Amino acid sequence: GNSVTQMEGPVTLSEEAFLTINCTYTATGYPSLFWYVQYPGEGLQLLLKATKADDKGSNKGFEATYRKETTSFHLEKGSVQVSDSAVYFCAPLGTGGGADGLTFGKGTHLIIQP
Amino acid sequence: NAGVTQTPKFQVLKTGQSMTLQCAQDMNHEYMSWYRQDPGMGLRLIHYSVGAGITDQGEVPNGYNVSRSTTEDFPLRLLSAAPSQTSVYFCASRWTPQSEQYFGPGTRLTVT
């Protein structure tokens with residue numbers, strides 16, 4: 001089945017710093033790729049997605065590009081805010097056409113200090 | 001729309017007890033899933049359903065049962081609770097395999 005590797009953290013940055021969270025995956029074929037975010041005490045919510053190679057997903061200042069050659073989907077933001085503190089999950093669609101849902105990485109805990 | 005709702009929010013069980021975690025969605029989504037979240041483990045799929053009457057096992061199904069009698073509801077049953085089932089449980093739903101997955105707020109379960 002599909003699998004994901006992402007940096008676990010915690011990753012601690014100062015406000016307005018540049019953010020990169022690395023994500024690489026192994027998969028059969030070219031699945032859709034997702035980033036989800038989990039704020040403290042809440043469920044997960046979609047941050048952005050890309051459905052095919054070279055697609056760039058973006059939302060709330062975050063971006064990630066589907067890199068087929070390197071099987072990567074790194075998350076970036078130019079200037080982070082304290083409110084970005086959360087856990088971020090990289091997730092390719094599962095095998096079998098996605099009927100079984102997403103394959104989640106272990107999550108990266110991001111802490112932004114003022 | 002309420003989205004995906006889960007009850008209860010918190011639960012404490014003794015080893016050997018049984019209980020049902022409730023999940024409901026009002027978006028008419030065909031696909032529903034149950035995950036558990038443990039520290040350092042990310043989210044792991046327990047069971048999923050692709051429509052009413054159809055369920056299948058995920059990565060960690062042992063000790064759990066599910067059924068899908070209606071499109072809206074997807075309850076998760078713990079047959080005989082064990083301390084290893086202490087976790088946060090999330091229910092999720094989506095319209096198609098490729099579409100965004102909507103998560104409930106979670107149920108925090110402690111088994112003593």
Side-chain angles (χ1 to χ4, degrees), chain A residues 1-10 21 23-25 27-52 55 57 59-60 66 86-110, chain B residues 2-7 9-10 21 23-25 27 29-51 54-61 66 68 74 76 87-108:
Chain A
N2 297 350
S3 65
V4 177
T5 301
Q6 62 177 110
M7 49 200 300
E8 291 184 29
I21 300 177
C23 169
T24 57
Y25 65 91
T28 303
Y30 304 107
S32 295
L33 302 173
F34 300 79
W35 275 99
Y36 278 77
V37 59
Q38 183 179 30
Y39 298 103
E42 299 183 10
L44 280 71
Q45 54 187 278
L46 179 67
L47 181 60
L48 55 83
K49 71 176 185 180
T51 57
K52 60 184 187 296
D55 263 3
N59 186 27
K60 299 182 181 179
Y66 192 140
V87 181
Y88 292 81
F89 292 91
C90 180
L93 203 61
T95 55
D100 56 341
L102 300 169
T103 301
F104 285 93
K106 294 185 178 182
T108 300
H109 186 194
L110 176 66
Chain B
V4 180
T5 58
Q6 292 183 238
T7 57
K9 292 182 74 69
F10 302 94
L21 279 61
C23 174
Q25 52 90 10
M27 297 172 283
H29 287 170
E30 292 293 329
Y31 295 80
M32 298 186 74
S33 304
W34 275 103
Y35 295 88
R36 58 178 290 173
Q37 184 178 27
D38 303 292
M41 299 294 289
L43 274 78
R44 293 181 292 170
L45 182 66
I46 305 171
H47 285 285
Y48 66 99
S49 171
V50 301
I54 307 170
T55 64
D56 207 344
Q57 297 181 350
E59 180 185 356
V60 289
V66 292
R68 185 94 180 272
F74 191 42
L76 178 73
S87 188
V88 181
Y89 291 84
F90 289 101
C91 179
S93 74
R94 64 199 191 285
W95 180 237
T96 70
Q98 300 278 339
S99 58
E100 174 183 356
Q101 196 152 235
Y102 292 84
F103 284 82
T107 294
R108 184 175 293 275

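Order of the sequence lines fixes the chain letters, A, B, ..., with proteins taken first and strands second; residue numbering starts at 1 for each chain. Not measured: the values here are computed from a predicted model.
Residues B:Glu100 and A:Tyr36 approach most closely at C-OH, 3.9 Å, considering heavy atoms.
For chain A, the option among B:Gln101, B:Met41, B:Arg108 with the highest count of heavy-atom pairs below 4.5 Å is B:Gln101. Each of B:Pro39, B:Gly106, B:Gly42, B:Gly104 has some count of heavy-atom pairs under 4.5 Å with chain A, and the biggest count is that of B:Gly42.
Contacts between B:Tyr102 and chain A at a heavy-atom distance below 4.5 Å are absent for every atom of the residue. Only the side chain of B:Leu45 comes within less than 4.5 Å of a heavy atom in chain A; its backbone stays farther off.
Within 6.0 Å of the CZ atom in B:Arg44, the count of heavy atoms belonging to other residues, nucleotides or ligands exceeds 12.
B:Phe103 places none of its side-chain heavy atoms less than 4.5 Å from the side chain of A:Gln38.
A:Leu46 CG to B:Arg94 CZ: the interatomic distance, rounded to the nearest 0.5 Å, is 12.5 Å. Atom-to-atom distance recorded for A:Phe89:CZ and B:Gln37:CD is 4.5 Å, nearest 0.5 angstrom.
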